Amino acid sequence: MTFRAPKGTNDILPPESDWWREAHRVWDALCEQFGYGLVLTPIFEDTEVFARGVGGDTEVVEKQMYTFDDKAGRSLTLRPEQTASVVRAQIQAGGVGSRFKCAYWGPMFRYERPQKGRYRQFYQAGVEYLGSASPEADVEVIELGYRFLERLGVENVELRLNSIGDPADRAAYREVIRAFLNERRDALSEDSVRRIDANPMRVLDSKADAEVVADAPTPVDHLGVEAQTHFDAVRAGLDAIGIPSVLDPRLVRGLDYYNRTVFEYVPLGYDAAQSAAGGGGRYDGLFEVLGGKPTPGVGLAMGLDRIELASAQRGRTSQLDAYVASIDESRRTDARALVSRLRSSGLKVETADQHRSVKAQFKDADRLGARFVVVIGDEFDDGMATVRSLADGEQRSVALENLSEWITSQ
RNA sequence: GUGGCCGUAGCUCAGCUUGGUAGUAGCGCCUGGUUGUGGUCCAGGAGGUCGCGGGUUCGAAUCCCGUCGGCCACCCCA
């Protein structure tokens with residue numbers, strides 16, 4: 001009997017995981033710079049947190065949740081996203097005093113049919129900017145996601161931006177779009193017809209009905225004064241810091257808690273149906289929905305699995321500073337002692353774990369991408385080592401006491 | 001959830017139409033050509049219950065059914 005990872009889940013092993021380690025470092029550094037503290041929440045929550053937070057009419061809640069009863073009969077759900085958890089945590093902690101900025105990173109779970117860039121366990125890095133209704137918060141969050149992709153070498157990213165207005169704007173718009181869709185009922189797909197009553201705005205991003213909906217009224221043309229002012233400020237703010245964006249009036253997103261600003265990052269070179277590498281928006285009503293005091297918020301989530309697929313740095317392995325090779329069995333102890341000293345001085349160093357032919361050790365070093373091979377032979381007794389550069393084959397004698405400085409200086 | 005394509009060595013894949021019991025394939029791996037030296041080259045070698053289960057047949061990688069998994073589109077979103 002052999003086992004495999006469950007459908008839609010992946011093992012991420014070296015050397016592929018080198019990218020993940022790097023992405024995690026980049027993310028942590030970025031969030032620290034931007035002033036976002038770390039938030040850790042449970043991987044499962046009371047099912048109601050998501051059912052209410054994400055919204056009962058959403059695809060995610062209707063059919064994608066990993067829900068189970070624990071031994072005491074509580075209904076729990078593996079988090080399909082983390083915003084609802086973070087908001088729940090803040091309410092539990094007593095609410096947000098002034099502004100509160102936090103970041104997270106971890107696995108999310110949705111029961112879907114897997115595809116490239118779409119898995120049942122997938123990874124998101126995200127931030128939440130809570131307690132501020134200012135468009136400046138939107139701009140900062142959007143910039144952070146943009147910089148993340150930039151630092152990971154994701155090229156040709158299109159930032160798509162839209163505003164779906166305040167709840168009152170949307171209620172008015174809903175009647176307009178409903179009327180439009182009803183007139184064209186016969187031309188629409190089954191899915192879209194079903195949405196006319198439940199969630200007509202969602203028909204806008206249907207691929208099957210793209211033609212029918214091409215000249216449909218859009219939410220951004222039905223914004224109230226306040227939402228319009230807010231949206232203008234977000235766009236101006238992005239312009240001011242040199243982040244290009246395109247207005248996408250058909251961008252609506254599938255979670256109920258969004259209002260006003262919504263956005264997605266789409267790497268244009270990434271050829272797959274699951275094209276959004278990240279996205280987010282404003283969710284000013286979410287605190288009330290989860291039983292808290294009215295508190296505005298804006299956030300984003302970046303899809304690490306998809307970013308990896310689009311990242312220029314994928315497959316790049318980190319270099320080893322030195323590989324220590326022993327000339328024969330009796331030199332293993334000396335080799336180990338040197339490895340220990342070089343590592344203590346901060347270098348990345350590897351060696352064999354038993355004596356092998358020198359040839360085999362060089363091959364090993366080459367495979368690992370070592371810059372230098374340090375040969376430990378009889379010269380070791382005189383305090384010397386032979387150092388060969390694998391890049392150009394140049395070889396020289398270096399005193400052991402200067403070795404780490406010498407390698408560092410190269 | 002719906003429709004389609006696919007599953008042979010560690011990886012990429014040929015063979016499947018016309019069933020006869022797997023390939024000098026490429027890459028990778030190991031050893032040797034150097035008694036203390038890689039990446040090139042040459043020689044040799046290891047490695048596969050042909051995803052799994054069942055059926056048809058004297059005989060199945062090859063045909064049929066089921067199942068698991070992957071991919072693509074829809075859907076949905078990260």
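Keep in mind that what you see is a predicted model, and the values were worked out from it rather than measured. Just the heavy atoms: all of them, side chains too, but no hydrogens, waters or symmetry mates, feed the values below. Labels below follow one simple rule: chain letters A, B, ... track the order of the sequence lines, proteins then strands, and each chain is numbered from 1.
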[atom1]-based separation of [M] from [N] [nearest Å]:
N	M	atom1	result
B:U31	B:U37	P	14 Å
B:U24	B:C72	C1'	36 Å
B:C65	B:G3	P	16 Å
B:A61	B:G23	C1'	12 Å
B:U34	B:A43	P	16 Å
B:C50	B:U8	C1'	4 Å

Pick out which of A:Glu45, A:Arg79, A:Glu128 makes a side chain to side chain donor-acceptor pair (under 3.5 Å) with A:Ser85. A:Glu45
Matching residue for A:Arg282 among A:Asn259, A:Asp166, A:Asp138 - test: side chain to side chain donor-acceptor pair (under 3.5 Å): A:Asp138
Separation of [X] atom [atom1] from [N] atom [atom2], in whole Å?
X	N	atom1	atom2	result
A:Lys116	B:A73	NZ	P	9 Å
A:Asp305	B:G70	CG	P	14 Å
A:Arg194	B:G1	CZ	P	15 Å
A:Arg120	B:G1	CZ	P	7 Å
A:Glu59	B:C75	CD	P	10 Å
A:Lys7	B:G51	NZ	P	18 Å
A:Arg110	B:C75	CZ	C1'	14 Å
A:Trp27	B:A78	CH2	P	14 Å

Could you tell me how the ring of A:Trp105 sits relative to the ring of A:His24: parallel (under 30°), tilted (30 to 60°) or perpendicular (over 60°)? parallel
Need one value for [X]: base, sugar-phosphate or nothing, where a base atom within 4.0 Å counts as base even if backbone is also close, heavy atoms only.
X	value
A:Ala365	nothing
A:Tyr123	nothing
A:Gly8	sugar-phosphate

Does the side chain of A:Gln115 get closer than 4.0 angstrom to OP1 or OP2 of B:G70 through an N or O atom? no
Strictly under 4.0 angstrom, non-hydrogen atoms only: write out the protein contact profile of nucleotides 33-44 of chain B, one letter per nucleotide from the 5' end, B, S or -. B--BBBB-----
Are the ring of A:Phe122 and the six-membered base ring of B:A78 within the stacking cut-offs of under 5.5 Å and under 30°? yes
Can you identify which nucleotide, out of B:C77, B:C75, B:G4, has its nearest atom closest to the A:Arg306 side chain? B:C77
Given side-chain contact (heavy atoms from CB on, under 4.5 Å), test A:Gln354 with A:Arg332 step by step and report yes or no. CA-CA 7 Å; A:Gln354 60 184 320; A:Arg332 287 308 309 157; 5.6 Å; no
Salt-bridged, A:Asp232 to A:Arg235, with N to O below 4.0 Å? no
Any ion pair linking A:Arg371 and A:Asp321 (charged N to carboxylate O, less than 4.0 Å)? yes
Is a donor-acceptor pair below 3.5 Å formed from side chain A:Arg118 to base B:C75, judging by atom type as modelled? yes
Please confirm whether any donor atom in the side chain of A:Gln82 sits under 3.5 Å from an acceptor in the base of B:A78, or the reverse. no
Using the side chain to side chain contact (heavy atoms under 4.5 Å, CB included) criterion, which residues pair with A:Ser397? Sequence neighbours excluded. A:Met384
Suppose the criterion is ring-ring contact (aromatic ring centres under 6.0 Å, His included): which pairs have a residue in residues 391-410 of chain A, not counting sequence neighbours? A:Phe372-A:Trp406
